[in-house]
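First comes the structure, then the notes that go with it.
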Amino acid sequence: MARDDIRLHVVSGKGGTGKTTVAAALALALATGGRRTLLVEVEGRQGIAQLFDVPPLPYSERKVAVAPGGGDVYALAIDAEEAMLDYLDMFYSLRRAGSALRRMGAIEFATTIAPGLRDVLLTGKFCEAVKRQEGGEFVYDAVVVDAPPTGRVTRFLNVNREVADIAKVGPIRNQADSVMRVINSPHTAVHLVTLLEEMPVQETIDGVEALHDNGLPSGQIIVNMLRTPLLDDDELAAASDDTLDRDAITADLKAAGVIGRRGATTAALVEALLDEARDHAERVELERQERDRLDPLGLPIVSLPLVDGGIDLTALYDLATQLREQGLR
Amino acid sequence: MTTPAKKSRGRATPAAPPARPATWDVDALIDNEATRIIVCCGSGGVGKTTTAAALGLRAAERGRRVCVMTIDPARRLAQSMGLTELDNEPRPVSGVQGDGELSAMMLDMKRTFDEMVEGHADADRAEQILSNPFYQALSSSFAGTQEYMAMEKLGRLRATADSEGTWDLIIVDTPPSRSALDFLDAPARMGSFLDGRFIRLLTAPARSAGKGLGRIVSTGFGMFTSVLTKVIGGQVLKDLQAFVGAFEALFGGFRERAEATYSLLQEEGTSFVVVAVPERDALREASYFVERLKADQMPLAGLVLNRVQATGAPMLSEEQALAGAERLEEAEEGELTSALLHLHAQRMATLSRQHHLADRFSGAHPGVAVAEVPAFAGDVHDLEGLRQVGRFLAGELSR
């Protein structure tokens with residue numbers, strides 16, 4: 001189960017698995033009961049603003065939601081160029097020169113091309129938020145990062161290695177070292193979001209291995225968009241073998257007054273329902289196979305259901321509750 | 001006709017949506033010999049690779065000689081096409097029926113970049129570039145490199161096809177990215193970075209001094225180099241200068257090269273297929289992409305909508321199914337039937353949401369033909385599965 005003292009939660013996963021939604025739900029879950037969390041996005045997509053239905057986030061921390069039982073979720077969309085200007089200001093007192101550099105395209109150049117620099121800036125920014133204190137107390141109880149996808153997250157977090165190649169000494173090296181101290185601390189966890197499908201599961205398996213190889217702290221596996229089987233095991237087996245009792249189903253449908261409209265026969269309706277049951281059985285079986293591939297990773301697994309009708313604020317609060325119930329708090 | 005037990009008055013059945021867009025004649029596109037390149041675009045995770053492979057297989061089995069370039073295929077799909085190693089060269093796919101041919105390859109972005117360098121430089125010069133740390137970072141990690149290299153490889157496949165007559169149709173899958181537009185934008189972005197004013201300043205000593213450069217240098221260049229040296233280190237600047245100098249001597253400007261590659265996409269015979277799933281984000285990306293193609297005057301063949309929910313019982317609405325289930329539960333009987341009705345109700349809910357989203361897309365882009373492929377219970381990972389997808393694409397099968 002999740003430890004209570006994790007302060008930096010990095011949420012990654014294959015594209016399309018609902019990483020941003022899970023990160024947002026986690027930030028809500030962690031803020032519940034009067035705590036304060038910061039939800040961070042690093043890919044300039046304004047996904048958080050869309051989820052919480054607020055205007056695009058500026059480059060500053062602002063409150064986007066109130067958690068159940070009191071507690072605040074703040075959000076920040078980190079912009080690498082702005083972070084670079086901050087950085088020039090902080091380390092070299094060069095904000096004005098920075099503006100000039102920006103006009104010349106130098107900042108864009110440096111944040112986009114210089115290997116690792118962009119990631120140093122992005123990670124540096126949220127690690128600063130993790131460490132920030134006021135009056136001897138941490139400003140945020142937890143920071144949740146909607147991180148790059150699994151294929152890139154190791155490199156993203158492991159900037160130190162790349163930076164060491166280009167900056168042996170100097171302020172940027174110090175900055176990178178300080179970021180790595182936060183990321184490698186026992187108070188950090190990298191969670192991977194997956195679906196029970198072939199490619200996302202494979203990416204999760206590869207991702208856990210990559211995290212391990214690079215000495216990064218893996219947290220939980222979050223299985224997202226899970227369908228609850230509506231049939232028990234015997235029924236599922238019968239559904240795939242096409243041995244469900246047609247006569248009984250027909251009788252039930254008649255008893256319940258369920259009859260297809262537009263002249264369709266009950267027999268056709270029964271066949272259609274059996275087809276859907278077979279599909280369901282096949283998918284449940286597939287999901288079980290994929291789930292079995294996750295177990296050997298030895299990481300705690302939590303599950304979130306598929307939300308019919310798409311994600312809105314209500315759904316987000318509901319997912320947050322489910323995360324709490326499964327021990328992520 | 002019997003009246004349903006609990007009549008849902010005034011509710012249209014979700015299965016009867018407003019007028020759907022014209023069905024798209026996919027076979028006309030792939031049979032047309034004038035079609036030489038098909039580019040499958042869309043945001044990540046929408047089934048671009050499967051669509052590209054299914055189109056390729058169908059075209060081959062209808063007599064075309066096809067090369068499919070995939071970027072990041074699922075392991076089993078790759079195996080089904082005989083792609084067990086990533087060697088950056090098209091390999092024939094076995095098991096294809098009919099007179100046509102199908103070859104497939106997986107793009108190796110670093111290899112493509114290396115080959116581009118090796119193909120243009122003598123051994124010493126190539127070695128000098130390949131070992132440059134800046135080149136190594138650029139060729140393996142820059143955000144736009146994969147897209148740029150996909151286009152570079154496409155250009156080379158096309159050249160091979162023209163000179164050796166190996167293929168008459170090339171189908172490309174585009175790199176996984178958040179935004180479908182990345183594929184179109186990356187080469188220009190990369191070109192403008194490497195060819196921009198800033199790099200020109202940095203690499204001034206490596207180039208012959210350009211017009212007006214002296215003035216800019218006197219006002220700003222000193223500051224640039226001192227700040228940049230502090231921030232990213234002097235060695236990086238030296239590597240960068242060496243790389244840009246050597247690269248430019250080989251290829252001319254980056255921007256020109258990017259533009260030349262991009263123009264391949266505007267040639268006659270190139271068609272775009274936009275791939276999406278009936279979900280809000282994917283369709284929003286598809287919309288952006290459709291608009292962009294229009295603005296750039298690139299031909300859009302149609303939209304492939306993958307993972308569309310299907311049902312054999314559209315006549316039983318969500319409400320009717322739930323009402324029936326409730327009735328059985330109250331009577332405490334027919335537990336299995338009740339579960340089947342719940343299953344159907346879920347399916348109808350998904351279906352109606354998907355229809356709503358698809359209709360909204362078609363309302364905004366009425367001219368765009370749509371081919372729908374249903375959600376399969378399992379993954380597509382063999383040629384028969386791809387054939388099946390192809391039949392749906394061509395409208396031989398429908399949901």
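First the proteins, then the strands, lettered A, B, ... as listed; each starts at 1. Keep in mind that what you see is a predicted model, and the values were worked out from it rather than measured.
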For this session: Tell me, please, which residues at least two apart from A:Leu226 pass side chain to side chain contact (heavy atoms under 4.5 Å, CB included).
Result: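 Testing A:Leu226 for side chain to side chain contact (heavy atoms under 4.5 Å, CB included), a comparison that skips the adjacent residues, returns A:Leu196, A:Val223, A:Glu287, A:Ser303.
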Exercise. Under the criterion side chain to side chain donor-acceptor pair (under 3.5 Å), which of A:Arg283, A:Arg288, A:Gln289 is the partner of A:Glu285?
Worked result: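 Result: among A:Arg283, A:Arg288, A:Gln289, A:Gln289 is the only option passing the side chain to side chain donor-acceptor pair (under 3.5 Å) with A:Glu285.
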Mind ranking [options] by heavy-atom pairs under 4.5 Å with chain B and telling me who comes out on top?
{"options": "A:His280, A:Glu203, A:Glu276, A:Arg152", "value": "A:Glu276"}
{"options": "A:Val284, A:Leu274, A:Asp252", "value": "A:Asp252"}
{"options": "A:Leu286, A:Asp232, A:Ile249", "value": "A:Ile249"}
{"options": "A:Glu197, A:Arg227, A:Gln50", "value": "A:Gln50"}

[X] portion near chain B, given a 4.5 angstrom heavy-atom threshold:
{"X": "A:Leu244", "result": "side chain"}
{"X": "A:Leu231", "result": "side chain"}
{"X": "A:Asp275", "result": "neither"}
{"X": "A:Glu235", "result": "side chain"}

Problem set entry | Heavy-atom neighbours of A:Asp206 CG exceed 12 at 6.0 Å |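 More than 12 heavy atoms, drawn from other residues, nucleotides or ligands, come within 6.0 Å of this atom.
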Problem set entry | Heavy atoms from other residues, nucleotides or ligands near CZ of B:Arg280 exceed 12 (cutoff 6.0 Å) |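 It does not: B:Arg280 CZ has 12 such atoms or fewer within range.
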Exercise. Does one side chain, of B:Gln320 or B:Ser317, offer a donor that lies under 3.5 Å from an acceptor on the other?
Worked result: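 Yes, a side-chain donor-acceptor pair sits under 3.5 Å.
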For this session: May I ask you to decide whether A:Asp242 forms a salt bridge with A:Arg278, counting only side-chain N to carboxylate O separations under 4.0 Å?
Result: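 Between A:Arg278 and A:Asp242 there is a salt bridge, with a charged N closer than 4.0 Å to a carboxylate O.
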For this session: Could you tell me whether B:Glu279 and B:Arg307 have a side-chain N and a carboxylate O separated by less than 4.0 Å?
Result: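 No, B:Glu279 and B:Arg307 are not salt-bridged.
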Exercise. So which of B:Gln346, B:His381, B:His344, B:His342 has the largest heavy-atom pair count under 4.5 angstrom toward chain A?
Worked result: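 Looking at each option in turn, the highest pair count goes to B:His344.
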Exercise. Can you tell which of B:Val277, B:Leu341, B:Thr350 has the highest number of heavy-atom pairs within less than 4.5 Å of chain A?
Worked result: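 Of B:Val277, B:Leu341, B:Thr350, B:Leu341 has the most heavy-atom pairs under 4.5 Å with chain A.
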Problem set entry | Region of B:Ala339 in contact with chain A, defined by heavy-atom distances below 4.5 Å |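 It is both, since atoms from each part get that close.
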Exercise. How many angstroms lie between atom CG of B:Asp173 and atom OG1 of B:Thr49, to the nearest 0.5 angstrom?
Worked result: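 Separation between the atoms: 3.5 Å.
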